[in-house]
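Below is one structure, written out as structure tokens; the observations come after it.
So that the names make sense, note that chain A is the first sequence line, chain B the second, and so on, each numbered from 1.
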Amino acid sequence: MASKRRRLSRSGEFDRVYRDGSSHATRYLVLYTFPRRDEGSEDVRLGVSVSRKVGGAVERNRVKRALREAFWGLSEQLPERHDFVVVARSEITDLIDREGSPGLTGSLEEALAGASPGGRST
RNA sequence: UGGGCGGGCCGAGCGGACCGCGGGGGGAGAGAAAACCCCUCGAGGAAAGUCCGGACACCACAGGGCAGGGCGGUGGGUAACGCCCACCCGGGGAAACCCGCGGGAAAGUGCCACAGAAAUACACGGCCGAUGGCGCGGCCACACGUGAGUCGCGUACAGGCAAAGGUGAAAAGGUGCGGUAAGAGCGCACCGGCGUCGCGGUGACGCGGCGGCCAGGCAAACCCCGCCCGGUGCAAGGCCAAGCAGGACCAUCGACCCGGCUCGGCGAGGUCCAGGUAGGCCGCAUAGAUAGAUGGCCGCUCAAGACAGGAUCCGGCUUAUAGGCCCGCUAACGGA
């Protein structure tokens with residue numbers, strides 16, 4: 001598990017993933033992937049971005065929680081030593097209300113399948 | 001009892017030897033950390049809007065005057081407030097109660113649309129023969145057609161009037177009687193308002209006596225009066241670490257700064273360009289993060305859960321809010 005420390009914490013780290021990583025979008029979210037080469041740790045790290053367009057503070061926290069839980073539920077399928085950023089789109093609340101966490105997991109798998117195979121940069 | 005009015009409170013609950021999250025402590029481990037196990041604490045009535053008031057921090061001291069801003073019935077409460085409580089006044093209601101940006105309009109300036117004659121000033125249409133003038137007539141006087149006398153009738157030229165009419169949110173108190181040529185607070189009675197005196201009240205104010213009719217509204221128009229206010233806000237601010245490359249100009253003959261101006265003060269750096277960093281700790285809390293912690297699932301109950309999540313901390317206000325509970329008051333209406 002150990003999800004709690006595997007987070008991106010600096011805006012610079014987010015910028016690096018946005019700038020140098022690859023991305024794949026679905027209807028409900030955008031997944032950015034960035035393979036780290038220079039650091040010793042083999043951990044997978046995750047950042048979550050939920051803008052105000054999604055809702056108020058309560059709604060945004062709910063979305064973040066659900067995204068983290070669904071993401072780490074897929075930890076078996078994740079490549080080592082990668083940084084991920086999940087950006088929620090405003091339609092994501094419809095998905096959570098309608099299908100719950102299975103729907104989120106499905107959407108994340110779809111994005112992973114589109115983004116990860118090459119692990120290519122730029 | 002339904003209804004009405006006021007106030008207060010809750011705002012899903014319980015269970016699961018379930019799966020998870022943030023802080024702290026401990027165990028084991030150990031160079032240090034992470035992984036592992038245990039214990040403990042962990043959002044709201046509004047945490048919100050950021051609208052007031054403080055604390056705190058920096059601006060060298062945080063000073064005076066002007067300018068500027070805020071507040072505004074009275075008395076208390078408070079660290080303070082634009083908040084709270086009680087009371088007063090005005091308006092509404094049958095009552096309980098509710099409503100109120102509630103100082104001053106006889107300090108001055110300004111504004112009062114449309115309509116209307118006229119909006120602090122007036123006379124459109126009007127009224128008036130008491131007065132002067134003019135006209136006619138009678139009487140009177142005489143130098144016999146005049147008048148300087150006197151009386152009557154007519155006339156709105158001079159003059160007097162603002163009551164009734166129309167307009168308007170508002171037209172120089174209202175109603176009645178007297179009064180007059182017509183009228184008018186011109187006089188009187190009552191009411192309203194103003195002033196003054198007495199009494200009651202800490203006070204706003206109330207009650208009563210007396211006086212004279214002079215006083216339109218707007219101060220969320222300028223203004224006047226009283227009280228209050230230095231600025232910026234935790235991205236305040238303090239410390240540590242890392243890193244680069246200097247140059248130009250101004251400045252102890254006083255720069256820069258002290259929100260504006262000025263008085264006054266301070267006393268050694270300041271401004272611009274280029275270059276380099278943009279990491280950690282404190283501030284920061286017996287919840288305390290720094291991409292930001294309270295959820296998921298299952299069962300039952302009420303009966304179907306609304307608005308909604310801390311970010312320096314307190315005291316208020318305002319706004320959002322499904323449903324429910326409790327207390328007190330009132331007695332119009334419906335029922336008995």
### Message
Taking the C1' atom in each of rA219(B) and rG72(B), what is the distance between them to the nearest angstrom?
### Response
13 Å

#### Entry: Side-chain heavy atoms of Y32(A) within contact of F84(A), under 4.5 Å
no

Distances under 3.5 Å between protein N/O atoms and the N/O atoms of nucleotides 43-45 of chain B, please, pair by pair.
none

### Message
Between rG64(B) and rG264(B), how many Å separate the two C1' atoms, rounded to a whole number?
### Response
8 Å

### Separation of the C1' atoms in rC101(B) and rU1(B), to the nearest angstrom
44 Å

### Message
Could you tell me how far rC191(B) sits from rG103(B) if I compare only their C1' atoms? Round to whole Å.
### Response
29 Å

### Query
According to the Watson-Crick and G-U wobble definitions, with both distances under 3.5 Å, which nucleotide is paired to rA141(B)?
rU146(B)

### Query
Expressed as a whole number of Å, how far does the P atom of rA293(B) sit from that of rC284(B)?
22 Å

### Task
Considering only atom C1', compute the distance from rA322(B) to rC329(B) and round it to an integer number of Å.
29 Å

### Separation of atom CD in E69(A) from atom C1' in rG20(B), rounded to whole Å
7 Å

#### Entry: rG309(B) versus rA46(B) - spacing of their C1' atoms, nearest Å
11 Å

### Message
Nearest whole Å is fine: how far is rC21(B) C1' from L46(A) CG?
### Response
14 Å

#### Entry: Rounded distance in Å between the C1' positions of rA164(B) and rC128(B)
14 Å

### Message
For N61(A), give me all partners under side chain to side chain donor-acceptor pair (under 3.5 Å), at least two apart in sequence or on another chain.
### Response
none

### Message
Please enumerate all residues that pass side chain to side chain donor-acceptor pair (under 3.5 Å) together with S107(A), with sequence neighbours excluded.
### Response
T26(A)

### Query
Atom CH2 of W72(A) and atom P of rA35(B): how far apart are they, to the nearest Å?
13 Å

#### Entry: Atom-pair distance (CG on D97(A); P on rG296(B)), nearest Å
11 Å

### Task
Could you pull out all residues at least two apart from R62(A) that satisfy salt bridge (charged side-chain N to carboxylate O under 4.0 Å, His left out)?
E59(A), D97(A)

### Query
Can you name the residues that form a side chain to side chain donor-acceptor pair (under 3.5 Å) with E69(A), not counting sequence neighbours?
none

## Note on the structure
Nearest-nucleotide check on RNA chain B, V50(A) vs A57(A); residue mapping nearer the 5' end is V50(A)

### Message
Quick check on RNA chain B: between R68(A) and G56(A), whose nearest nucleotide comes earlier from the 5' end?
### Response
R68(A)

### Nearest-nucleotide pick for R65(A), side chain only, options being rG295(B), rA308(B), rG292(B)
rG295(B)

## Note on the structure
Quick note, F14(A) side chain, CB onward, closest among rA291(B), rG309(B), rG292(B) is rA291(B)

### Task
Return the nearest nucleotide to the side chain of K64(A); candidates are rA293(B), rG309(B), rG295(B).
rA293(B)

### Summary
Applying ring-ring contact (aromatic ring centres under 6.0 Å, His included) to Y28(A) and not counting sequence neighbours gives none

